[in-house]
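Protein chains get the first letters and strands the later ones, always in sequence-line order, with residue 1 at the start of each. In what follows, every heavy atom counts, from backbone to side chain, and hydrogens, waters and symmetry copies are set aside.
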Protein chains: 2
Amino acid sequence: MATGPLLLPNGYDGTVTDATESATVPASTKRGRGEKSSATIYDIAKLAGVNPSTVSRALSKPGRVSAKTQKIIEDAAEQLNYQVNPFARALPTGRTQTIGLIVADITNPTFFDIIRGAETTAAARDYTLVLAESAESPETEITAARRMMGTVDGLILASPRMDDELIRELASGKPVAVINREVDGVPCVVPDVNKGISEAVRSLAANGHKNVAYVAGPPQSWMSVRRWEGVQAACEWSKLKAVRLESSKPTVDGGRQVARDVMDSGATAVITYNDLLAIGLMQELQAGGMRVPDQISIVGFDDIFGADFTTPPLTTVRSPLGECGSRAALLLLDLLLGQAGPEGTVRVETELVLRGSSGRLLVAN
Amino acid sequence: MATGPLLLPNGYDGTVTDATESATVPASTKRGRGEKSSATIYDIAKLAGVNPSTVSRALSKPGRVSAKTQKIIEDAAEQLNYQVNPFARALPTGRTQTIGLIVADITNPTFFDIIRGAETTAAARDYTLVLAESAESPETEITAARRMMGTVDGLILASPRMDDELIRELASGKPVAVINREVDGVPCVVPDVNKGISEAVRSLAANGHKNVAYVAGPPQSWMSVRRWEGVQAACEWSKLKAVRLESSKPTVDGGRQVARDVMDSGATAVITYNDLLAIGLMQELQAGGMRVPDQISIVGFDDIFGADFTTPPLTTVRSPLGECGSRAALLLLDLLLGQAGPEGTVRVETELVLRGSSGRLLVAN
DNA sequence: TTGTAAGCGTTATCAT
DNA sequence: ATGATAACGCTTACAA
């Protein structure tokens, strides 16, 4: 997907429908008086006839103030439509009630499940999610991580591309959780590929396949290596031959581009690093006249949204991505609340989702 | 200028270029536990032999100090591995270098594109994206919006469910941009449905359809109303009958549930509020033995990821969602930088994407 | 239980 | 050009 169209230069070619001249000034830059800007604890204190510090206590740590004044203060706050200023609060405390999430590629639907899981869980605990992407680039990732570390209470790295050492350094400053990769000394959430892969390979073997190709993901991807190892092991166990093919990028387009290599490999079954590759590959193979799964079986990874819309629907090893995001957020939140959970790696199960893109070979090879 | 490098928390620098590790340790404050705190402008001031305010000037508005002291200060900052404290900076200025985005439903792929567009554009301008969802609930949306208003420089509301008045109220505090809805006095980015819809309806009419059903979205959805109006107008123009059907929710599942009503309506062509509904509807109709498009044509809205994976691939009126997100972010950013763009609505074009789910009726009704 | 006051790190408004 | 100093809104010992 081209990012070009997204980076629009400063030009509005849209139709302006507002007939009235712009009257009201947003008053965005000025602060202080004049503006009906948010009330402070001082305003509340005045209205409630108490000291600002009492207001602070009542609003931040309930219980440290008498029930009576508590109510008075809360009413006053309500009346003034009070909103805490998170920055003023963060200055003394260092806490911001936000957690950061950095994903490798916003373009990739895989990460949307993760984002969703993390956001939902964070919101449920009254935390806000801050999002950034690394565009599959270690440098961009590091930059984003550093910028975020200043503003968030904790950070989730989904499929990080940076060095282990760098991750540990980040983790030494603030709580960090990693998804889709295992880093020593850092809490991680990792789908355990073995179950899903062995199910997939067993299924392929049972359908008479002998030669399996694995289409790899980005070189920096820890998960891609793990999956390849899993495929190798499972193929060995099932007495199948496995070859590894490179892809240019882990996208639908990358899948299309690798179709030729797949054909040349002589494999009758392909397992791809992710569903996007699988979908692109299938499209290209079908466009070239191949019948799936009669002539070639295709198995993806992740079970992203839309994987079951393809023709035939995609067989895939499902990773519970939403759960990963949620678990990582939970890990972080527990860490933040001092309830240090288990330091080790959280493993979530994978499973084969058997659909139409894999099956018995109908044509002799 | 990138603020990234300045935001490095202490000891986070992975690419250490400084050989002298033992360099002066910044005056560590007694805050909390023995956490290694960051250097402040006071530390730099002391090291550079200047006043803290001079340091602030040098680091925030280059050009207000002499070139000589500028260099001295920058060197000292470098040596101390200084990073600005965003909270401290935000307190007097109110600026946070972040923009907020609230979407109606994180689960809905429609918003993925919007999120992507907004994040990409924001990141390109060195802004960070803060994300929240309203879960289609006006109340949740307002809560999230209020919470966010405190922490962000500007807010994007994608398909907001709250009242116009509330939106204007929010907009009176800080820059707000709205996507998929038109609110008087607030900058909006709205796909202009007319072109796409008239193309769609003309196509249906050309294929012999007489009765069209529109499956509506959530009642609060401004866009749903707009689309229905568009469908009505276009049908009238083409001399087709149009009926409106309710859906329980704008999801794949909601689409399945509305299948019966669609059948009962006697329509031979259906236009749904969004692609999700269309996909669910198509699945359910096909499961019930209907052939698409031979017996019934289906047209969706948005052209979300995966819309072309279905069997047959989905005909849909494409909204440039990514562009919407990007434009909204741009609008906000321009507003923030004082380059107030046009106050009115930015309209982006829609177009019919003709695929296999719509076509000529093969069975007499 | 509540009031007092000292920060938190920066920016902004004065002087100088 | 640079130096003091007062905000910014909130938390938190420390008193009362």
**Report entry** From CA spacing to verdict: side-chain hydrogen bond (donor to acceptor under 3.5 Å, both in side chains), B/S66, B/T69
**Finding:** CA-CA 6 Å; B/S66 77; B/T69 44; 2.7 Å; yes

Requested in this report: Would you indicate which nucleotide in D/dT12, C/dT10, C/dG3 comes nearest to any side-chain atom of B/P92?
Outcome: C/dT10

**Report entry** Whole-Å gap separating P (D/dC10) and NZ (A/K46)
**Finding:** 14 Å

**Report entry** Phosphate contact (C/dG9 OP1 or OP2) by B/R89 side-chain N/O below 4.0 Å
**Finding:** no

Query - Minimum-distance nucleotide to B/T93 side chain [options: C/dA12, C/dT10, D/dT2] - result: C/dA12

Query raised in the report: What does A/V55 touch in the nucleic acid at a heavy-atom separation under 4.0 angstrom: a base, only the sugar-phosphate, or nothing?
Result: nothing

Report task. Kindly point out which of D/dT11, C/dT10, C/dG3 is positioned nearest to the side chain of A/V50? Result -> C/dG3

Report task. Report the distance from atom CZ of B/R57 to atom C1' of C/dT10, rounded to the nearest whole Å. Result -> 12 Å

Query - Residue-phosphate contact under 4.0 Å: A/N85 side-chain N/O, D/dC8 OP1/OP2 - result: no

**Report entry** Atom pair distance, as rounded to whole Å: CZ in B/R64 and P in C/dT11
**Finding:** 15 Å

Report task. Could you give me the CA-CA distance, side-chain angles and deciding distance for B/D334 and B/L336, then say whether side chain to side chain contact (heavy atoms under 4.5 Å, CB included) is met? Result -> CA-CA 5 Å; B/D334 282 349; B/L336 288 172; over 6 Å; no

Report summary line: A/L80 CG to D/dG9 P, in whole Å, measures 14 Å

Query - Sugar-phosphate only, base, or nothing, as touched by B/K68 at under 4.0 Å among non-hydrogen atoms - result: nothing

Query raised in the report: Phosphate oxygens OP1/OP2 of D/dA4: is one of them under 4.0 Å from a side-chain N or O of B/N51?
Result: yes

Query raised in the report: How long is the gap from CG on B/L155 to CD1 on B/I99, to the nearest 0.5 Å?
Result: 9.0 Å

Query raised in the report: Counting just side-chain N and O atoms, does B/K61 come under 4.0 Å of either OP1 or OP2 of C/dA12?
Result: yes

Report summary line: Whichever of B/S56 and A/S66 has the more 5' nearest nucleotide on DNA chain C, that residue is A/S66

Query - Side chain of B/S53 (C-beta onward), nearest among C/dA12, C/dT10, C/dT1 - result: C/dA12

Query raised in the report: At under 4.0 Å between heavy atoms, what does A/F87 touch on the DNA or RNA strands: base, sugar-phosphate, or nothing?
Result: nothing

**Report entry** Rounded interatomic separation in angstrom, taking CD1 from B/I41 and P from C/dG7
**Finding:** 17 Å

Query - Side-chain N or O of B/T54 closer than 4.0 Å to phosphate OP1/OP2 of D/dG3 - result: yes

**Report entry** For atom CG of B/L59 and atom P of C/dA12, their distance in whole Å
**Finding:** 14 Å

Report task. Please determine if A/R181 and A/D164 form a salt bridge, counting it only when a charged side-chain N lies under 4.0 Å from a carboxylate O. Result -> yes

Report task. Report yes if at least one side-chain N or O of A/Y42 is closer than 4.0 Å to OP1 or OP2 of D/dT11; otherwise report no. Result -> no

Requested in this report: Verify side chain to side chain contact (heavy atoms under 4.5 Å, CB included) between A/I156 and A/I102, making sure each step is shown before the conclusion.
Outcome: CA-CA 6 Å; A/I156 300 175; A/I102 299 181; over 6 Å; no

Query raised in the report: For C/dT2, does either OP1 or OP2 sit under 4.0 Å from a side-chain N or O belonging to A/T69?
Result: yes

Report summary line: Between CD of A/Q97 and C1' of D/dC10 the distance, given in whole Å, is 14 Å

Query - Candidate nucleotides C/dT10, C/dG9, D/dC10, ranked by approach to the side chain of A/L91 - the nearest - result: C/dG9

Requested in this report: Please examine the side chains of A/Y127 and A/L333, heavy atoms only from C-beta on, and report whether any two atoms are closer than 4.5 Å.
Outcome: yes

